[in-house]
Amino acid sequence: MATRYWAVSLPVKSSPSSLWTRLQESISKQAFDTPLYRFNVPNLRVGTLDSLLALSDDLLKSNSFVEGVTHKIRRQIEELERSSGVEAGALTVDGIPVDSYLTRFVWDEAKYPTMSPLRETVDSILGFVSKVEDDLKVRVAEYNNVRSQLNAINRKQGGSLAVRDLSNIVKTEYIITSEHLVTLLAIVPKYSEKDWLSSYETLTDYVVPRSSKKLYEDNDYALHTVTLFTRVADNFRAKARERGFQIRDFEYSAETQNSRKQELQKLVQDQETLRNSLLQWCYSSYGEVFSAWMHFCAVRIFTESILRYGLPPSFLSCVLAPSTKSEKKVRSILEGLCDTGNSMYWKSEDDAGAMGGLAGEADAHPYVSFTINLV
């Protein structure tokens, strides 16, 4: 499917149907690889010239906002699907693929009455899209919070011995805890293991000889136990730290282990639930926001056409998807159908840059034109 379209309106001198026929014939003969569709813009409530001019100042900026929210939701869908190892599903509006919705656009009179003032219609669209964006932020933050908690636990379980959770490594049979004895866990750099084994018994008094046992090792560290009298435990920690050995605080508790396991399972379930909920909401909201965006584009075409061609409204609106190699040819065709004597004036983008207005990228053309990027 095409992902980049031009939304265009041409001034009508005789009848829209004859102009449409001429456009179709010209495109088919000179740029046959360019899809061309009517974009049906209804007769909206024009209001006063002052109101149109005031609205025109906001349309380009507001279009960037609506388009941005649309793409933000699409990117969120792609990220969620990618995290599950699947490709994003087809994006639709009420079951209609978005490109088909654009090329077969029909104004929703029930949602946006054509007799409403244009400013009211635009404000309605912007208010809805803004609410969706706020909702998206809240939902994404909730999902990311759970994902961050889960990632933190996974990092602790999979990190180096210096920082990882030891509860799934150290078993109760490795630990001696009595009124006078205690077992400590030492994190020893692998290059210092010989030093540890030759020195731990003499770091302080009252260390149980040959009590050190290696429980686990990773690429950088080894986990050793050492048993000693409780009363020298603090002094042993200090002496071990001086020699570059880290004593990890650890208290074995079956209840704590079960609690952590349950917490992990709950976070995994919560993440999957929130992911599915967010994904479903994104698919649904994308369709609603995309529909609002297309109605906004229709308002933009209508407003720009009135300001450029005057009253009463008499213009032909359409969307095209020219290939890169056909763009210049299509532009030439569109200019030729404008029937304006000053088309050369509009051709220089450098000279026309100051013409500004609300047309944005359309400034250099004698007709209304702006780009709709679906991705």
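In this text, all values refer to a predicted model and were calculated from it rather than measured experimentally. Hydrogens, waters and symmetry mates play no part in the numbers below; they use all other heavy atoms, side chains included.
Residues Thr121 and Ser116 share a closest heavy-atom pair of OG1-CB, 3.9 Å. Between Glu201 and Val207, the closest heavy-atom pair is O-CB, 3.8 Å. Of all the heavy atoms in Val330 and Pro322, the pair that sits closest is CG2-CB, 4.0 Å. Contact detail for Leu316 and Pro16: the closest heavy-atom pair is CD1-O, 4.2 Å.
Proximity of Phe250 to Leu184: side-chain heavy atoms (C-beta onward) are nowhere separated by under 4.5 Å. With contacts defined as side-chain heavy-atom distances shorter than 4.5 Å, the pair Val122/Leu59 qualifies. Put simply, the side chain of Glu142 reaches to within 4.5 Å of the side chain of Leu274, judged on heavy atoms. Side chains of Asn63 and Cys297 form a contact here, defined as non-hydrogen atoms less than 4.5 Å apart. Counting heavy atoms from C-beta outward, Asp108 and Ser291 have side chains that stay 4.5 Å or more apart. With contacts defined as side-chain heavy-atom distances shorter than 4.5 Å, the pair Thr183/Thr177 does not qualify.
Relative to the ring axis of Tyr37, Arg104 does not place its NZ or CZ within 45° and under 6.0 Å from the centre. Geometrically, Arg38 engages Trp20 in a cation-pi contact defined by less than 6.0 Å to the ring centre and at most 45° from the axis.
Residue Phe32 shares its hydrophobic cluster (ILVMFWY side chains chained together at separations under 4.5 Å) with no other residue.
There is no side-chain donor-acceptor pair under 3.5 Å between Ser199 and Thr202. Side-chain atoms of Ser323 and Ser326 include a donor-acceptor pair closer than 3.5 Å. Between the side chains of Thr114 and Trp107, no donor-acceptor pair is found at a separation under 3.5 Å. No hydrogens or angles considered: a donor-acceptor pair under 3.5 Å links the side chains of Tyr367 and Arg331.
Between the side chain of Ser284 and the main chain of Gln280, no donor-acceptor pair closer than 3.5 Å is present.
The stretch residues 38-80 participates, sequence neighbours left out, in these ring pair (Phe, Tyr, Trp, His ring centres under 6.0 Å) pairs: Phe39-Phe105, His71-Trp293.
Centroid-to-centroid, the aromatic rings of Trp6 and Phe370 stay 6.0 Å apart or farther.
The aromatic rings of Phe229 and Tyr206 are tilted relative to each other, their planes meeting at an angle between 30° and 60°.
A side chain to side chain donor-acceptor pair (under 3.5 Å) with Ser305 is found for exactly one of Ser9, Ser317, Ser314, namely Ser9.
Note that CD of Glu67 and CZ of Phe290 are 10.0 Å apart. Values are rounded to the nearest 0.5 Å. Note that CZ of Phe302 is 11.0 Å distant from CG of Leu55, once rounded to the nearest 0.5 Å.
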